[in-house]
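Before any comments, here is the structure.
Computed over heavy atoms, backbone and side chain alike; hydrogens, waters and symmetry mates excluded. Atoms within each ligand, like the ligands themselves, are counted from 1 in listed order. From a predicted model like this one, the values you see are computed outputs, not experimental measurements. Position 1 is the first residue of the sequence, and the numbers go up from there.
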Amino acid sequence: MNPITNAHTHLELTDLAHLCPTKPMSFVSWAGRLAWNLRGRSKTQVLAGIRRGIAELEACGTTQVGDITNTWLSVEPLIASNLQGIVYLEVIGHRRNQAFERLEQAKKKIRKTRKHPNYGAMQIGLSIHAPYSCHPDLLRAGAEWCHDENVPLCIHAAESPAETEFLVNGKLPAGRLATFLAKKLGILPDSAPGLRPIPYLAALGALDARPLLVHAVQVTDKDIALIADTGCAVVHCPRSNHRLACGRMPLERYLAAGVPVYLGTDSRTSSPDLDVQAEAEFAQHLHTGLVDSQKVTELIHQPL
Ligand SMILES: [Zn+2]
């Protein structure tokens, strides 16, 4: 039987579904609101949301999922579920020592989880959040470790225009998000490398670990060629991209370049549901005249 694959979720955000915009809003405003609402959640609340998310995935026929967990709380419920796929432990931050401490903890948990008696159908991987939110050494070292240990890697990249603006010009968005980025993650204008997201990841060697690149909307033809040359796959989340005003991913150019493309709903904070078949329908409309609708449907039937 063909799998039904939702390649990008954050099940631990299911309890914050009320934050999902009903009409497009800027990524920066949305991320600021999300960061604010992450505070003060109890473990019980987060776990209840994860269980609801798993039930929703199973109810809409999903058989494989790629889930990112920053709290690391979705690992055990996913391994215990009927779903297959990969759960990625997220590391994030621009403060080098803290970031490396977290990376070491993630490595330990990944090694331990690989020995779990039920391990196999649901694999474990590492997520280094995004090129703008992580210290370059974290991106470099994390990707190298994944490459050497054959651990799946996932990175959000080239999602919003604000991300490229920051990486290329060091321009941080104004308002609540900038405060959060600086205080919580240590992101300052001088931490910008002066490169676009994909060439920056390539320069760090991070693409050599063949990460699953999530979003990959803000790309040039050269960026797509880099992704194709390194053999990375991308995840297309068109409903989230639409609601967060991130633009249209050039799906037809990825397919022409031979890049494997998955579909993902993203979390319930930027998607109305976790149904990847609804995501495919939205994608068919979005790329009308550019990508054959049957081709779009096929994207959800690939194993991770
Ligand atoms: Zn995401």
Salt bridge (Lys or Arg N to Asp or Glu O under 4.0 Å) partners of Lys109, counting only residues at least two apart
Glu76

Salt bridge (Lys or Arg N to Asp or Glu O under 4.0 Å) partners for Asp292, two or more places apart
none

CG/Leu207 to OG1/Thr230 distance, rounded to the nearest 0.5 angstrom?
4.5 Å

Aromatic ring proximity His236/His215, centre distance under 6.0 Å:
no

Keeping waters out of it, list the protein N, O or S atoms under 2.8 Å from the Zn ion (ligand 1).
His8 NE2, His10 NE2, His156 NE2

Are Val214 and Ile155 packed together at the side-chain level, in the sense that at least one heavy-atom pair is separated by less than 4.5 angstrom?
no

Pairs meeting criterion salt bridge (charged side-chain N to carboxylate O under 4.0 Å, His left out) with involvement of residues 43-72, two or more places apart:
Glu56-Arg268

